[in-house]
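Everything below concerns the one structure shown next.
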2 protein chains.
Amino acid sequence: MPKQVDPDARRADVVDALFRVALREGLPRVSLRTVAAEAELNIGSLRHYFASQPELMRFAMSAMLDRVAARLMRRVAAAAEAGDDPEALRARAVEMFGELLPLDDARRAELMIFLDFSAAARTDPDLADLARTAARGARALVRRVLGRLARAGAIRSDVDLDLETERLTALLDGLGVNAALHPDLVDADTCLAVVRTHLRHLAPPP
Amino acid sequence: MPKQVDPDARRADVVDALFRVALREGLPRVSLRTVAAEAELNIGSLRHYFASQPELMRFAMSAMLDRVAARLMRRVAAAAEAGDDPEALRARAVEMFGELLPLDDARRAELMIFLDFSAAARTDPDLADLARTAARGARALVRRVLGRLARAGAIRSDVDLDLETERLTALLDGLGVNAALHPDLVDADTCLAVVRTHLRHLAPPP
DNA sequence: CTTTATTTATCACGGGTGTGATACTTCCCG
DNA sequence: CGGGAAGTATCACACCCGTGATAAATAAAG
């Protein structure tokens, strides 16, 4: 009985259109009408896939976090095959954290949208739990990487890993925000240099 | 001929009302009407002090940055009287950076509003230069404090001060955003502990 | 008191928003 | 072929927005 349309693909298209509008004009300018126009869809069609505007917003934020998580999981899988050489492990860690930094236009766009949604989630109860889960997830990842580095002897043994998790998480968040919002002040190379320097400072003395 | 009203005080009241609305409901909910209602003013009165909505927004963001800058300048003046003892200097530095962290409700509110305006400035040309100036100012301050610490021998001599400026700036920004948005994950004591740990890691070996 | 400029207060307009309701079209299945 | 679900397309409504225009109230100055 149904028409031959893949609803999931449609929803993904709509979310992509929403991201383009949010990136270009900011999240406050995102509305059913602007997104429908960007997706070259009729508002009625859009509303057939998203019952309400809050539902669309939540779906979009969730989709964005899922994409980041998927990228990170791929890196985690790749890093699992790495050995225990401290130097190689540190390089893997830099690659991992690089997924959270605006090293190219795609990640820069993602970070800007993440920033907009984070700000919106502060006052939008529908998005609060997503922001909280994302924050906890970032900490868990950083903690996991630091733990692995510590076990391989790539980190001094006299540091508090919980505190270092907080410090590195803050560093990555701040670096991402700064480099995304002010690419003329912080470029991609500087981002990587900062992360490498941080990990080197955590290394045990020779 | 005029009525006895201090225009500057009125503008400050309006800006305070705007901050309250932005803090409670988010910057997108800020409008001439909501701010006027919060300030218990008529829209006509509000428009007598701010010709347009963009002008109000810019004035408010500028006022917020000025307040932070004034607080920091007070700390700078106080720190100028400090001696050259590395330990005391580090304590002064922590106090200084603490002004940028959500250590109490007032600073937490300020940080949330700063975050909202930063996000808005990304797509609002009227606010872009303010955000840029703020970012450069933060770097300049961090650089200045690090320079003073280095001259007093409170920092290892084998570090790149420019890179360390970027690293510490990112750390402070990220810590501020994280603690402001997720106070249940990062409390005030953790903030200070992170900053102290960072400065200690920069100290020269005994 | 009259003048005059500041301040306060309303109104109306065009435009954007989310949403409920309602048709119309398309196309698979029985 | 006909029934009916899935998808597309419009309308209308109430609400909020910024702003231009205009009027009324206030109080100091002449």
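First the proteins, then the strands, lettered A, B, ... as listed; each starts at 1.
Here the P atom of nucleotide D/dC15 and the CG atom of B/L32 are 21 Å apart, to the nearest Å. Regarding B/H48, its NE2 atom lies at a distance of 5 Å from the P atom of C/dT7, rounded to whole Å. A/F50 has its CZ atom 13 Å from the P atom of D/dT8, to the nearest Å. Rounded to whole Å, the distance from CG on A/D13 to P on D/dT8 is 11 Å. When the P atom of D/dT10 is taken as reference, atom CG of A/L46 falls 15 Å away, rounded to whole Å. Atom CG of B/L27 and atom C1' of D/dC17 are 15 Å apart (whole Å). Across the protein-nucleic acid pair, B/I43 atom CD1 and D/dT22 atom C1' stand 16 Å apart, rounded to whole Å. One atom, CZ of B/R10, and another, P of D/dT26, lie 14 Å apart when rounded to the nearest Å.
Of the inter-residue distances, the one linking B/T169 atom OG1 with B/E164 atom CD reads 10.5 Å to the nearest 0.5 angstrom. Separating the CG atom in A/L89 from the CG atom in A/L199 is a distance of 11.0 Å, to the nearest 0.5 Å.
Classified by interplanar angle (parallel below 30°, tilted 30° to 60°, perpendicular above 60°), the ring pair B/F50/B/F59 is perpendicular.
Proximity of A/L111 to A/L115: side-chain heavy atoms (C-beta onward) are nowhere separated by under 4.5 Å.
Between C/dT6 and B/Y49, no contact under 4.0 Å exists linking OP1 or OP2 to a side-chain N or O. Between A/S31 and C/dT17 there is a side-chain N or O to OP1 or OP2 distance below 4.0 Å.
Along DNA chain D, the nucleotide closest to B/A51 and the one closest to A/N42 are compared, and the more 5′ of them pairs with A/N42. DNA chain C is contacted by both B/G44 and A/P54; B/G44 maps to the nucleotide lying nearer its 5′ end (nearest heavy atom per residue).
Fit an axis to the five pairs at each end of the helix from C/dC1-D/dG30 to C/dG30-D/dC1 and the two axes sit 20° apart, to the nearest 10 degrees.
With hydrogens and angles ignored, a donor-acceptor pair closer than 3.5 Å exists between the side chain of B/R47 and the base of D/dG20. Applying the 3.5 Å distance criterion, the base of D/dG18 shares a donor-acceptor pair with the side chain of B/R33.
Under the rule for a ring pair (Phe, Tyr, Trp, His ring centres under 6.0 Å), A/F114 has no partner lying at least two apart in sequence or in another chain.
Using a 4.0 Å heavy-atom cutoff across all strands shown, A/P28 reaches no nucleic acid atom at all.
Listed nucleotides C/dT17, D/dT19, C/dT8 differ in distance to B/Q53; the shortest reach to its side chain belongs to D/dT19. Comparing D/dA9, D/dG18, C/dT8 against the side chain of B/S45 picks out C/dT8 as the nearest.
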Pair B/R71, B/E110 - check salt bridge (Lys or Arg N to Asp or Glu O under 4.0 Å), show working. CA-CA 12 Å; B/R71 275 215 322 271; B/E110 208 169 45; 2.8 Å; yes
Between B/R67 and B/D16, does the salt bridge (Lys or Arg N to Asp or Glu O under 4.0 Å) criterion hold? Intermediate values first, please. CA-CA 12 Å; B/R67 293 185 194 182; B/D16 283 336; 3.1 Å; yes
